[in-house]
Amino acid sequence: MAQEQLALLGGEKSVESDSDIFAWPIVTEQHEQAVLDVVRARKMSGIEITKEFEKRYARMLGRKYGLAYNNGTAAILGALYALGVGPGDEVICPSITYWASVAQAYTLSATPVFADIDPDTLCIDPRDIEHRITPRTRAIVVVHYASMPAEMDAIMKIARAHNLKVLEDASHAHGALYKGQQVGTFGEAAAFSLMTGKALAIGEAGILFTDDRAVYERAILFGHYIRHDEITLDELKPFVGLPSGAAKHRMHQLSSAFGLVQLELYPKQMAEIDKAMNYFCDLLEDTAGIRPMRPAKDTNTTKGGWYYPHFKYLTEELGGLSLSRFCQAVGAEGSICNPGCNKPLHRHPLFTEQDVYGHGRPTRIAFLDDSAKIEQYAQPLPVAESIVRRVFEVPWFKHHEPEAIEEHANAYRKVIENYQSLLPGDTEKEADTGGYSSFFTSSKNT
Ligand SMILES: *Cc1c(COP(=O)(O)O)cnc(C)c1O
């Protein structure tokens with residue numbers, strides 16, 4: 001193939017089409033009507049539509065109880081409390097995730113313990129869990145990261161062997177299957193963010209699922225005081241009336257009304273996204289320097305709505321070209337290529353030094369006995385620390401429009417075929433990639 005001038009170096013752009021292929025969520029008249037109905041009935045703060053939303057979503061997922069929240073962060077806080085996480089407990093969580101997978105442990109006087117990730121799934125590495133378990137360990141938070149299901153067989157086996165609770169943070173993976181089973185149905189509890197950037201997007205909202213009545217009721221006691229009439233357990237009854245967590249976690253009914261419509265439309269949208277994304281991956285499957293990240297074929301493991309899709313980057317196949325410069329070049333072609341993923345949490349000062357509440361020592365160890373040292377909890381995690389230079393976010397297509405998808409794939413191909421022209425002037429070798437929030441760095445994708 002003849003050498004082409006890359007757009008970054010003054011050539012023509014590869015992507016000409018300007019479609020709504022990334023717009024998300026897809027807002028229909030049905031959504032608008034549902035929201036208007038709530039506004040006109042002045043039911044924004046009610047709970048009857050929300051309860052209907054919970055019921056339908058729980059049925060779709062195949063779980064007994066759904067409890068809706070004002071956001072995913074609150075759902076995870078409620079879930080951790082409901083699972084019994086409390087003072088001095090440790091909660092194991094992958095370092096590569098959004099902070100709200102585990103930072104709420106502080107609120108419960110508990111200590112997050114970070115584990116490394118598997119570079120092939122970007123999810124917690126089951127081989128890095130067991131040696132972190134101590135007598136204080138109470139729970140494992142599993143994140144199905146970037147829509148890839150975590151290795152649930154191995155993780156559940158470890159959890160059972162050590163009598164630990166598993167909370168699935170499925171905020172990236174609505175509708176994804178692990179060996180044919182929906183994510184969010186493995187652990188004692190699961191939480192999903194439903195905020196506007198996510199695959200099942202209904203506004204600022206979240207939801208907790210469980211099959212355990214006690215978990216459901218404890219979560220209600222903690223942050224849903226107007227639903228205390230649902231509490232049946234004798235040990236909780238004396239405390240009804242006021243929220244144990246001093247928290248008000250109710251979902252806005254504009255979200256639940258929007259959500260009822262979205263639940264109906266999502267399975268079909270998810271099927272189309274899956275087709276579009278697999279097509280894009282197929283087009284780039286055998287390209288040097290990059291590797292699509294998707295579940296192995298014939299495993300009945302899927303990425304559901306493909307939230308925050310990533311590819312691997314192999315700099316050694318492109319003459320050492322930095323990921324940052326590679327992504328700049330693809331971006332200049334008119335496609336989407338965001339270097340990195342979430343930054344490792346275990347390196348952030350919130351988890352290495354900050355004394356949030358004035359305990360006189362880092363909050364991370366403030367709830368442990370005096371002999372605890374921050375160094376024990378601040379060890380390196382090699383994969384988590386290097387992964388931001390080895391993966392990048394690709395376009396998240398919401399429609400299967402082959403021509404548009406081919407333009408984006410061509411943008412990648414063009415950069416890869418002409419990578420040598422990018423080597424002079426590549427000063428981005430150690431550039432800081434990734435961030436602490438995916439939504440605001442990848443807004444071109446939504
Ligand atoms: C978005 C997200 C959350 C928090 O959800 P919000 O609805 O934004 O509060 C938690 N965990 C992960 C992995 C997320 O991506």
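The first residue of the sequence shown is numbered 1, and numbering continues consecutively from there. The basis for the numbers below is simple: all heavy atoms, side chains too, and nothing from hydrogens, waters or symmetry mates. First listed ligand is number 1; within each ligand, the first listed atom is number 1.
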I'd like to know if [X] pairs up with [Y] as an ion pair, taking the criterion as any Lys NZ or Arg NE/NH1/NH2 lying under 4.0 Å from an Asp or Glu carboxylate oxygen.
{"X": "R213", "Y": "E217", "answer": "yes"}
{"X": "D212", "Y": "K64", "answer": "no"}
{"X": "E48", "Y": "K51", "answer": "no"}

**Report entry** F397 side, atom CZ; H408 side, atom NE2 - distance, nearest 0.5 Å
**Finding:** 5.0 Å

Query raised in the report: How far does CE of M270 sit from CG of L265, to the nearest 0.5 angstrom?
Result: 12.5 Å

**Report entry** Part of T73 with heavy atoms under 4.0 Å of ligand 1, whether side chain, backbone, both or neither
**Finding:** both

Query raised in the report: What part of E204, side chain from CB on, backbone N/CA/C/O, both or neither, has a heavy atom under 4.0 Å from ligand 1?
Result: neither

Short N/O distance, under 3.5 Å, between [X] and ligand 1?
{"X": "G72", "value": "yes"}
{"X": "Y307", "value": "no"}
{"X": "Y98", "value": "no"}
{"X": "S193", "value": "yes"}

Query raised in the report: Can A75 be said to touch ligand 1, with heavy atoms closer than 4.0 Å?
Result: no

Report task. Please verify whether a non-hydrogen atom of S101 lies at under 4.0 Å from ligand 1. Result -> yes

Query - Pairs satisfying salt bridge (Lys or Arg N to Asp or Glu O under 4.0 Å), at least one member in residues 327-339, at least two apart - result: E333-K414

Give the numbers and elements of all ligand 1 atoms closer than 4.0 Å to a heavy atom of [X].
{"X": "T97", "result": "13 (C)"}
{"X": "I76", "result": "10 (C)"}
{"X": "A205", "result": "7 (O)"}
{"X": "M195", "result": "7 (O), 8 (O)"}

**Report entry** Partners passing salt bridge (charged side-chain N to carboxylate O under 4.0 Å, His left out) against K179 (at least two apart in sequence or in another chain)
**Finding:** D153

Query raised in the report: Regarding K165 and the six-membered ring of Y81, is the cationic atom NZ or CZ under 6.0 Å from the ring centre and inside 45° of its axis?
Result: no

